[in-house]
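Along the sequence shown, the residues carry numbers beginning at 1.
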Amino acid sequence: MNEYGIAAAFIVGLMGAAHCVGMCAGIVGALSSQQAKHNTLSGSLNHRKPSSSPFARQLSLVLSYNLGRIGSYTLAGAVVGGFSSGLGLLFNIDAYLLFLRAIAGLMMVATGLYIAQFWTGVMKVEYIGKFIWRGLAPIAQKFIPVQTPPQAIIAGVLWGWLPCGLVYSTLTWSVAANSALEGGLIMLAFGLGTLPALLSMGMAAKQLSYWVQQKSVRRLSGIILMVFGAQTLYIALAQYLH
């Protein structure tokens, strides 16, 4: 599943721009607004010697936030991939891995249907993470407003656990990867795929978001994901029959 999973994860992150912006709009908007307030205050206190440009300060906060967020995705992928690998070694059950691969293939097809705007059922898995987020949300709120890059990194790590159907569906591929390294790489690819949309939002650029929302682009990307999913299912079935 190596090359298929990593490529598919990147496509999901890239094409899930609208969903990602909707989920993270609050925190990224807070980064921008707080930086704007900081710039205004700094300008009123020191008209002659600004420490750095507003753009540079805003970019450092947004990049730091996304570094933490993508880091949390990568860690989650490595953990579930390593856990899956450990169970496989402990019990030595081939059918176990075939079952996980089949589940990953089905989730890939379901995610492709969502990206292509044919079916949104995959988003229902977000309910799973709401219980975790109830415990993390009060902690995450303590880092708002974000004033420094280290605070932004911590906020990104915490907000990376925000319930998201795309994250959870991609995590199933990390489970099926049966490897901590490959599981981490799959979620890293997903996180990097989401980066352009969230950076463009933070930098107030709209072109990328407009492009990925084009119906033809979404349909093509969704079909590609469904093909990846069908390939994964075929491999699982072929291994089971042999």
Side-chain heavy atoms nearer than 4.5 Å, only ILVMFWY residues, links allowed to pass through others: does that put Leu113 and Val217 together? no
If hydrophobic clusters are built from ILVMFWY residues whose side chains come within less than 4.5 Å, do Val167 and Phe83 share one? yes
Below 4.5 Å, heavy atoms only, C-beta onward: do Leu67 and Leu63 meet side chain to side chain? no
Apply side chain to side chain contact (heavy atoms under 4.5 Å, CB included) to residues Leu233 and Leu106 and explain how you reach the verdict. CA-CA 7 Å; Leu233 285 170; Leu106 289 173; 4.0 Å; yes
Could you report the tightest heavy-atom contact between Met187 and Gly77, atom names first, then the distance? CG-CA, 3.5 Å
Looking at every heavy atom in both Ala236 and Ala102, which two are closest together, and how far apart are they? CB-N, 4.1 Å
Check whether Val157 and Leu188 end up in the same hydrophobic cluster, where Ile, Leu, Val, Met, Phe, Trp and Tyr are linked by side-chain heavy atoms less than 4.5 Å apart. no
Of all heavy-atom pairs linking Trp161 and Ala76, the shortest is CH2-CB, 3.7 Å
Measure the spacing between CD1 of Ile11 and OG1 of Thr170 and express it to the nearest 0.5 Å. 11.5 Å
What's the spacing between Leu192 CG and Ile70 CD1 if we round to 0.5 Å? 5.0 Å
Any chance you could measure Thr120, atom OG1, to Tyr114, atom OH, to the nearest 0.5 Å? 8.0 Å
Distance-only side-chain donor-acceptor flag, Ser85 / Ser179, under 3.5 Å: no
Evaluate the side-chain proximity of Phe118 to Arg219: yes if any heavy-atom separation is below 4.5 Å, no if none is. yes
What's the verdict on side chain to side chain contact (heavy atoms under 4.5 Å, CB included) for Val12 and Trp173, showing C-alpha distance, side-chain angles and the deciding distance? CA-CA 12 Å; Val12 170; Trp173 312 346; 3.6 Å; yes
How many angstroms lie between CG in Leu241 and CG in Leu98, if you round to the nearest 0.5 Å? 9.5 Å
Just so I know, are the side chains of Ile224 and Leu220 near enough to count as touching, which here means a heavy-atom distance under 4.5 Å? yes
Verify side chain to side chain contact (heavy atoms under 4.5 Å, CB included) between Thr111 and Leu166, making sure each step is shown before the conclusion. CA-CA 7 Å; Thr111 306; Leu166 294 181; 4.0 Å; yes
I'd like to know if the side chain of Gln151 reaches the main chain of Gln147, judged simply by a donor and an acceptor atom lying under 3.5 Å from each other, with no hydrogens or angles considered. yes
Polar side-chain atom of Ser84 near backbone of Val80 as donor-acceptor pair, under 3.5 Å: no
Once rounded to the nearest 0.5 Å, what's the spacing between atom CD1 of Ile6 and atom CG of Leu185? 5.0 Å
Minimum-distance pair of heavy atoms, taken over all atoms of Phe228 and Ala7: CE1-CB, 4.1 Å
Does the ring center of Phe190 lie less than 6.0 Å from the ring center of Phe10? no
Are Ile115 and Leu195 connected in a single hydrophobic cluster, I mean Ile/Leu/Val/Met/Phe/Trp/Tyr linked by side-chain heavy atoms less than 4.5 Å apart? yes
In terms of hydrophobic clusters joined by side-chain contacts under 4.5 Å, are Val122 and Tyr168 together? yes
Please answer whether the main-chain N or O of Gly105 pairs with a side-chain N or O of Thr232 as donor and acceptor at a distance below 3.5 Å. no
Pairwise side-chain contact, Met226 with Ile223, heavy-atom cut-off 4.5 Å (strictly under): yes
Would you find a donor on one side and an acceptor on the other, under 3.5 Å apart, between the side chain of Arg69 and the backbone of Gly160? no
Specify the closest pair of heavy atoms between Arg218 and Met15, including all atoms of both residues, with the distance to one decimal. NH1-O, 3.2 Å
Rounded to the nearest 0.5 angstrom, the OH-SG distance for Tyr73 and Cys164 is 6.0 Å
Closest non-hydrogen contact found for Ser174 with Gly183 is OG-O, 3.0 Å
